[in-house]
Amino acid sequence: MTTHIFADLRAEILAALASVLPDLPPEILARVEAGPAREQAHGDATTNAALVVAKPARMAPAAIAAKLVAALSDSAMIETAEMAGPGFVNLRLRLSTLQAVLPAILSFGEAYGDSDVGAALPVNVEYVSANPTGPMHVGHCRGAVVGDALANLMKKAGFAVTKEYYINDAGNQVQALGWASYWRYLQALGTPITEADFAQAVPGGLQYRGEYLIPIGAALAEIHGAALAGPNL
């Protein structure tokens, strides 16, 4: 057994398929897959073998699946094989099959499951870029988890991953944020200027009117008093 249980399982399935349909071309066999079952109730693994070879074999997928189930009945890896749906074969592995992988897992440690499928292809994953124009919310938290997990998974698969995020601290958005914060500062000082007049006076208008800037304006007023207000007060 190798360190890749599904690779071993696929080899077992291909051997069983060759025993019942010996003349299948290699390009068809290359499309045969073996992977985890979508639902635990369906077993440990599933294969699309019967569906893939049905057309070139000129047989119904269900008929091929039945032959494949019979051929896999003596497998040292597989406890049970059952037909499912239009031609899938669901597999439940023997406990000894699962236990045989444990020494490899312990031996490789964190390197277990590493792959070179990415072929060191450079990939840039940019996520959770900080934008000070609005409050943080649960979407930022979700993006952090998903982005970091995706980057780690791609690195595990052999890609040359760069994790990147940007801090939005320049440009028109930040300038607009500055004016909006200044407006909340003037409000905290009790300015007689109306919001409409202020919006007309500043470049680009008053773009950020959310209440989340009120505490910022209050903090500026507490720290600086009226020193920043000038004639605007």
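This structure is a prediction, so every number in the text was calculated from the model and none was measured.
Between N48 atom CG and T46 atom OG1 the span is 8.0 Å, to the nearest 0.5 Å. A distance of 9.5 Å separates CZ in F198 from CD in Q187, rounded to the nearest 0.5 Å. The distance from the CG atom of D197 to the CG atom of L206 is 12.0 Å, given to the nearest 0.5 Å. Remark: L220 CG to L189 CG distance equals 9.0 Å, nearest 0.5 Å. The distance from atom CE of M136 to atom OH of Y212, rounded to the nearest 0.5 Å, is 13.5 Å. Interatomic distance, OH of Y112 versus CG of L102, reported as 9.0 Å (0.5 Å rounding).
With hydrogens and angles ignored, the 3.5 Å screen pairs no side-chain donor or acceptor of H224 with any backbone N or O of A227. T47 places a side-chain N or O within donor-acceptor distance of the main-chain N or O of E33, the cut-off being under 3.5 Å. At distances below 3.5 Å, not a single donor-acceptor pair connects side-chain atoms of R58 with backbone N or O atoms of K55. At least one donor-acceptor pair closer than 3.5 Å links the side chain of T97 to the backbone N or O of M77. Of the possible donor and acceptor atoms, one in the side chain of D44 sits under 3.5 Å from a partner among the backbone N and O of L93. Of the possible polar contacts, one joining the S181 side chain to the L177 backbone as a donor-acceptor pair under 3.5 Å is found. In terms of modelled atom types and a separation under 3.5 Å, the side chain of Y185 and the main chain of G225 share a donor-acceptor contact. Side-chain atoms of Y182 come within 3.5 Å of backbone N or O of A229 as a donor-acceptor pair. A donor-acceptor pair under 3.5 Å is absent between the side-chain atoms of S107 and the main chain of A104, judged by distance alone.
Environment of OH in Y165: sparse, with no more than 12 heavy atoms of neighbouring residues, nucleotides or ligands closer than 6.0 Å. Open room surrounds CZ on R142; 12 or fewer heavy atoms of other groups in view lie less than 6.0 Å from it. Remark: E110 CD is loosely packed, at most 12 non-hydrogen atoms of other residues, nucleotides or ligands lying under 6.0 Å away. Within 6.0 Å of NZ on K67 lie no more than 12 heavy atoms contributed by other residues, nucleotides or ligands. Within 6.0 Å of the CG atom in N172, the count of heavy atoms belonging to other residues, nucleotides or ligands does not exceed 12.
Inspection of the E12 and S75 side chains reveals an N or O donor paired with an N or O acceptor under 3.5 Å. Inspection of the N124 and E164 side chains reveals an N or O donor paired with an N or O acceptor under 3.5 Å.
Scanning all heavy atoms of the two residues, the minimum distance from Q173 to T133 falls at O-CG2, 3.9 Å. Between K155 and V161, the shortest heavy-atom contact is N-CG2, 3.5 Å. Nearest heavy atoms, A50 versus G87: CB-O, 3.2 Å. The shortest non-hydrogen separation linking N90 to A84 is ND2-CB, 3.3 Å. The nearest pair of heavy atoms linking A120 to A160 is O-CB, 3.7 Å. Between G217 and A188, the shortest heavy-atom contact is O-CB, 3.8 Å.
One finds no salt bridge joining E126 and K163 here, because no Lys/Arg side-chain nitrogen approaches an Asp/Glu carboxylate oxygen to under 4.0 Å. Between E79 and R92 there is no salt bridge, since none of the side-chain N atoms of the basic residue sits less than 4.0 Å from a carboxylate O of the acidic one.
Grouping the Ile, Leu, Val, Met, Phe, Trp and Tyr side chains by contacts below 4.5 angstrom, directly or via other members, places I216 with I193. Note on L21 and L72: same hydrophobic cluster, where clusters join Ile, Leu, Val, Met, Phe, Trp and Tyr whose side-chain heavy atoms are under 4.5 Å apart, directly or indirectly. Two different hydrophobic clusters hold L51 and L9 under the rule that ILVMFWY side chains link at heavy-atom gaps under 4.5 Å. L29 and F88 fall into different hydrophobic clusters, where Ile, Leu, Val, Met, Phe, Trp and Tyr are joined by side-chain heavy atoms under 4.5 Å apart, directly or via other members. Note on L98: it clusters hydrophobically with L91, by side-chain heavy-atom contacts below 4.5 Å among ILVMFWY residues.
In this pair, H137 and H140 present their aromatic rings tilted. The plane angle is within the 30 to 60° band.
Proximity of R94 to I78: side-chain heavy atoms (C-beta onward) are nowhere separated by under 4.5 Å. A heavy-atom distance below 4.5 Å is found between the side chains of W183 and E195. D8 is not listed as a side-chain neighbour of H4, based on a closest heavy-atom distance of 4.5 Å or more. Taking the side chain as every heavy atom from C-beta outward, V123 and T162 never approach each other to under 4.5 Å.
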